[in-house]
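Here it is: the structure, laid out below.
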Amino acid sequence: MSLNSLERTIDKVLSQKESTLISEIDSALQNSLKNLESSKSSLQVEYDSIIESSKKQAENLKRQIIGSSTLNARNKELVIIESAIDEIFIMAKEKLAKSNNEKNYEKLLTRLIQDSSAKLGSEIVIQCNKTDLNLVKKLVSQESSNRKSKITVSNEVVDIIGGIKAASVDGTMSLDNTLDSNIETLKPLIRKRIVQLLRGENK
Amino acid sequence: MVVDGVTTASFDELVEIETNEGERRLGKVLEVGSGKAVVQVFEGTTGLAITGTRVKFLGKTMAMPVSQELLGRVFDGLGRPNDGLPDPVADKFLDVNGEPMNPQSREYPTSFIQTGVSVIDGMLTLVRGQKLPIFSGSGMSHNILAAQIARQATVVGTNEDFAVVFAAIGVQYSEAQYFKRSLEESGALKRSVLFVNLADDPAIERIITPRVALTVAEYLAFDLGMHVLALLTDMTNYAEALREISAAREEVPGRKGYPGYLYTDLANNYERAGRIKGKNGSVTQMPILSMPADDITHPIPDLTGYITEGQVVLGRDLFRKGIYPPVNVMMSLSRLMKDGVGEGKTRSDHMEVGNQLYDAYSRAQEVRALAEIVGKAGLTGVDLKYLDAGDSFETHFLKQSPDENRNLDETLSRAWDILATLPEGELTKIKDKHIQQYYKGNK
Amino acid sequence: MVAKGRIVWVSGPAVKADGMSTVKMYETVEVGDSKLIGEVIRLTGDVAFIQVYESTSGLKPGEPVTGTGQPLSVLLGPGILGRIYDGIQRPLDEIAEKSGAFIGRGITTSPVDMKKKYKFTPSVKKDDTILGGSILGAVEETPLLTHRILVPPNYPEATITEIAKEGEYDLEHIIGHANSKNGDKIELKMYHKWPVRKPRPYSERFDPTIPLITGQRIIDTYFPIAKGGTGAIPGGFGTGKTVTLHQIAKWADSKVVVYIGCGERGNEMTEVLVEFPHLIDPRSQRPLMERTVLVANTSNMPVAAREASIYTGVTMAEYYRDMGYDVVLVADSTSRWAEALREMSGRLEEMPAEEGYPSYLASRLAEFYERAGRVRALGSPDRSGSVTLVGAVSPSGADFTEPVTTHTIRFIKTFWALDTRLAYSRHYPSINWMQSYSGYLEDISKWWKENVSPDWYDLRAESYHILQREDTLKEIVRLLGPEALPDEEKLVLEVARMLKIGILQQNSFDKVDTYCSPAKQLKLVRLMVMFYKESQKALKEGKSLADIRALPIITTLLKAKFEVTDEQISKLDEIEKQLSDSFKGNMEEVKVSV
């Protein structure tokens, strides 16, 4: 092979190399352009989804804030109402404690004594508060003579607003017929009424 | 606990027990006669001495104070405030045992509830007034699913939101908290009532928890006209508490030591769902229970399935594959779907598409099993298509994110995507006109 | 003398009362201040054990218990059909009127409207002799049913002294007077009462030879039940028990249907109440509700009344049988009834047998199913009627070896086993064709041969044989795959698939498919058998299975069940022709159309 032909061959190879190189560079450029383009669009998608999800989050947050603030307001109201109810109860109890001289109260006590002896049997022990002690003793002696029951009134007084506590002689059964416990039982109904008054509903 | 010297107690009466230390507990009369009363103590009998324990018969059965104010509140398992706020002011006191609804007065449930969960809306449609339980296993994602349904459930075309009554029965603190937070975050807490009996609360209290919750649900629905979604989780803990009491009373046990009346007792809770003629509201119930050892024939899921109107069964396989919600559709069923979907209610192709999906997925499962033995090479061309349909059913239809709310059109459109992978001739359950309208595959 | 006692013990629906020495077993009593209805189920000295049919919440020792002198009875007369009762025959609509949407306690109502006037047409005249069970006349109870007025079965032979003229009377009106042989005067009304626990008497029992046609292919063709027969349908939850029972209640060719919802879902009873008035009986073109009575004790209603509901239902069924009608009684579910027995038994601290059920479970089940039968009724004129009993069983864990299922199997002749696997793959009705059986097959095949086609028995046997072969082949396929089988056996699989889709599966929610007449059933089966035979022949002639599978006639055969209505049944003959054409020539050019 002559030098010339060798050169030509080298030239040819080189030029071929060159064109491959150029085309490779070109395609790489195209590729990276494409990549850029696609990453742009995928970025856009990502961007959109971030916006979307933060919108969603914001929406959730809004709902959460509105929801919990209405709830908090309502709960504060409940607490305020409750303290008003408590005050009313204290006042009512004071008033009740003072009303032990009324006629109705005597009738009530008689009924409570009868009820206790009906439920616990004929032999029972009764306790009451200091103010009522004499009245109860009087009523019990009337009651004992009316029926064949043996009711003892204990001299140990208890701290209640009114009514009586009764127990069987052996102490296994007892009955709480105090005004305190009756108020406690009726409390839910009384509370309902108070709230209606406080809220200005008058059913 | 047996109480002596009782003369005036009545059956089912509420009882207050005072211990030597002055602590008060609640109970109720299970049996009464000959001067004795058998009393079930809700907060357990530990610490009760034989002498000195005092029992007070309250002369009434257990009642729950109810009013609109209960919304947004949290109570313990016996219905007492648990959120530091005062006792609710009652509009009424309702016996927690409720009364059986007269079948004559029931309104048959027919309104579609969109839960935004494709597999439920598309194939296991929930209907307003239905009782549809979730059968799960320990550790699976039932609570996430239930919370998602609670957040997303709507009746399309109405602005009525669901009120949520949630009863946590013997669950862990974190689970109860998860629900509360989930309701809080979606702003739904203000129309929710929560009853929480935690795993370390007395088991016997659990007997009452679903009862107080359902009493409130009935009140909200039938007195206040709200649409209520009642979630009870986990009923397995409830049934176990029942078994504990039964064993303590030395009753003759039925299957697996559960009392013979387990069915009746569960029914008394589950049947407290539905709609009433002439009233606006409804109670839709979703009890959640974990199947002991994933066994669906265990008495608790078994008896539940006999009472409820279908069941959503979660599958361990799907759960392991990381698919949420891991609903095993083959074992799941909604009995009322047929009455809640179709022309005028959802879309005329809804039922047929649902049936065809069942058929396709069922075939796919068969082919999968076969492929494991004979290899893919032993399968026919149609078989291979079913294999693909099965995979895309799981990834494209079943799987969704816990905060993804899909409307019915999207759900059905995804369903048709899956059916498009099958030849038209395979769609034997769908009428021609619907195929013409929706089928996207090669004809 | 009426017993008056006091409650001494309360535990759920079980109550003990003392001072009850004059009360009788199974006497109805009023319990407590709110007069709850109960029944004496055991007597020890003067202590009566009472099962109370209402919630006993709040009941306490010391409250009164009063006997009524009457055993638990139902009122039998016109006005029963179309109604829904609780377990002790109180109409639920009237309970709703009195206590609202939730069922209250201590409510008394009359089972039928005693004031309603019916047009009575007498069929006896003065001086006619009547016996217990004789027909006095008739009223139209509903447009679907002529209610025959019966002399109570326990009445002696007597001679009519007076009978009302044709006219409108209410139920309390005395429509007839008669004198018995020993001179007792008898008054006759249009109703009487009968104790539920006592089967109503009849004069003779017949063999069950007439099938009850239900329009359900797998039942009528493969596992039939006879009129007056007994059947059980056990299945786990979700297997479609209730849907199948609803189908029987809807389409069975009986005159009257008694549907007992015993411890089941409230909404299911509501569904019947909503659906049946709109469903039209294919034979009479009248609403199905006019021939139906519902007895509902849903799962949350008092458990003791569940026990009674079965007897209440079957006594009403026997009453219509005695008029000379065919009656179907469907009980969903007898398992809940058995559980009610178990619960009461437990409360009474009786010795338990298997799984806590009382030892008398088997005898109670036997007594119940024994009340089925096709009989000649008492009295004149001569007539026969039947009570067919179908009981659902809900085995726990779908386990057929549990006590209620195993005992039930001993007393029934048709067994429809529901299969959880079939239900999971949405094959409905999910009656498993390998586990189910019918003891009436031979007895009723004569009817089919005479009324439908002489080849019925053979066609049934041939098609069933294909299903049996498939069952054994399936095992091989499971291990080796379908390609391991020779073509002849692959064909068996193919035809079995067609039988499953085209015959056994039936869509109860499809307008056409929900009911399939015997003639259509037979033709469909014949087509399938023909296809099998033609294909076998084609294979022998060297044609390929692929060619057979590609035949368009297959789709036609599979869709015929809902494409061809009973009215255009002759189309099936056209299909038959297309079928034989399909196998002619090289099998590809035959166009198919319906």
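Naming convention: chains lettered A, B, ... in sequence-line order (proteins, then strands); numbering from 1 in each chain. Side chains are part of it too, since the values below use all heavy atoms of this structure and drop only hydrogens, waters and symmetry mates. These figures come from a predicted structure and were not determined experimentally.
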Output for pair (C:E339 CD, C:S333 OG), nearest 0.5 Å, gives 7.5 Å
In the structure I gave you, are the side-chain heavy atoms of B:V32 and B:S10 within less than 4.5 Å of one another anywhere? no
Heavy-atom pair count under 4.5 Å with chain B, highest-scoring of C:A14, C:S345, C:G58: C:G58
Which one of C:E271, C:K559, C:E275, C:H427 has the most heavy-atom pairs closer than 4.5 Å to chain B? C:E271
Can you list the steps and then say if C:E343 with C:R347 is a salt bridge (charged side-chain N to carboxylate O under 4.0 Å, His left out)? CA-CA 6 Å; C:E343 189 171 339; C:R347 303 246 186 212; 3.3 Å; yes
When the 4.5 angstrom heavy-atom criterion is applied to B:V329 and chain C, the contacting part is backbone
Under a 3.5 Å threshold, yes or no: a donor from one side chain and an acceptor from the other, between B:R272 and B:T215? yes
Side-chain donor-acceptor pair under 3.5 Å between C:S396 and B:D302, yes or no? no
Residues passing the side chain to side chain contact (heavy atoms under 4.5 Å, CB included) test with B:A63, sequence neighbours excluded, are B:F93
Relative to chain C, which segment of B:I307 carries a heavy atom at a distance below 4.5 Å: side chain, backbone, both, or neither? both
Report the option among C:K16, C:K60, C:M301, C:R105 that has the most heavy-atom pairs separated by less than 4.5 Å from atoms of chain B. C:K60
Got a salt bridge between C:K98 and C:E94, using NZ or NE/NH1/NH2 to carboxylate O under 4.0 Å? no
Contacting moiety of B:R275, where chain C heavy atoms sit under 4.5 Å: neither
Can you check whether C:R426 reaches B:D359 side chain to side chain, under 4.5 Å on heavy atoms? no
Report the distance from atom OH of B:Y270 to atom CZ of C:R265, rounding to the nearest 0.5 Å. 12.0 Å
Mind checking the CD-CZ spacing from B:E366 to B:R363? Nearest 0.5 Å is all I need. 7.0 Å
Row check, C:Y53 ring normal vs C:R90 NZ/CZ: under 6.0 Å, within 45°: no
Is chain C contacted by the side chain of B:E218, its backbone, both, or neither, given a heavy-atom distance below 4.5 Å? side chain
For C:P403, is it the side chain, the backbone, both or neither that has a heavy atom under 4.5 Å from a heavy atom of chain B? neither
So for B:Q130, is it side chain, backbone, both, or neither that comes closer than 4.5 Å to the heavy atoms of chain C? neither
Side chain, backbone, both or neither: which part of B:P299 has an atom under 4.5 Å from a heavy atom of chain C? neither
Winner by heavy-atom pair count (cut-off under 4.5 Å) against chain C, out of B:V29, B:N102, B:D12, B:N97: B:N102
Given heavy-atom pairs under 4.5 angstrom as the criterion, report whether the side chain, backbone, both or neither of C:A398 touches chain B. backbone
Quick check for you: among B:E251, B:E13, B:K338, B:Q365, which has the greatest number of heavy-atom pairs under 4.5 Å with chain C? B:K338
Report, by ascending residue number, the residues of residues 254-268 of chain B in heavy-atom contact with chain C at a distance under 4.5 Å; give 'none' if the set is empty. B:G254, B:R255, B:G260, B:Y261, B:Y263, B:T264, B:A267, B:N268
Could you check whether C:D18 pairs with C:R6 (Lys NZ or Arg NE/NH1/NH2 to Asp/Glu carboxylate O, under 4.0 Å)? no
Interatomic spacing from CZ in B:F11 to CH2 in C:W9 - rounded to 0.5 Å: 9.5 Å
Which region of C:I103, side chain (C-beta onward) or backbone (N, CA, C, O), has a non-hydrogen atom less than 4.5 Å from a non-hydrogen atom of chain B, or is it both or neither? both
Check side-chain hydrogen bond (donor to acceptor under 3.5 Å, both in side chains) between C:T514 and all other residues, then give those that pass, not counting sequence neighbours. C:Q247, C:W251
How long is the straight-line distance from CZ of B:F57 back to CG of B:L14, given to the nearest 0.5 Å? 10.5 Å
Heavy-atom pairs under 4.5 Å with chain B: which of C:L294, C:D93, C:V243, C:V10 has the most? C:V10
Pairs of heavy atoms under 4.5 Å with chain C: top-ranked of B:H298, B:R106, B:E309: B:R106
Go through C:G238, C:G346, C:G104 and name the one with the most non-hydrogen pairs under 4.5 angstrom from chain B. C:G238
So what's closer than 4.5 Å to chain C heavy atoms on B:L333: side chain, backbone, both or neither? both
Per-residue contact mode, B:T297 against chain C (heavy atom under 4.5 angstrom): both
With side chain to side chain contact (heavy atoms under 4.5 Å, CB included) as the test, would you mind laying out the steps for B:I276 and C:F102 before giving the verdict? CA-CA 10 Å; B:I276 291 179; C:F102 294 89; 3.7 Å; yes
Pick from C:T242, C:N267, C:D399, C:V303 with the largest number of heavy-atom pairs that fall under 4.5 Å of chain B: C:N267
Members of residues 349-358 of chain C whose heavy atoms come closer than 4.5 Å to chain B: C:P352, C:E355, C:G356
Do B:K131 and B:E271 meet the salt-bridge criterion of a basic N to acidic O distance under 4.0 Å? yes
Exercise: do B:T61 and B:D95 side chains pair donor with acceptor under 3.5 Å: yes
Okay, B:T304 and chain C: the region with an atom under 4.5 Å from a heavy atom over there is neither
Strictly below 4.0 Å, N to O, side chains only: are B:K429 and B:E352 in salt-bridge contact? no
Measuring from B:M337:CE to B:L132:CG, what's the distance to the nearest 0.5 Å? 11.5 Å
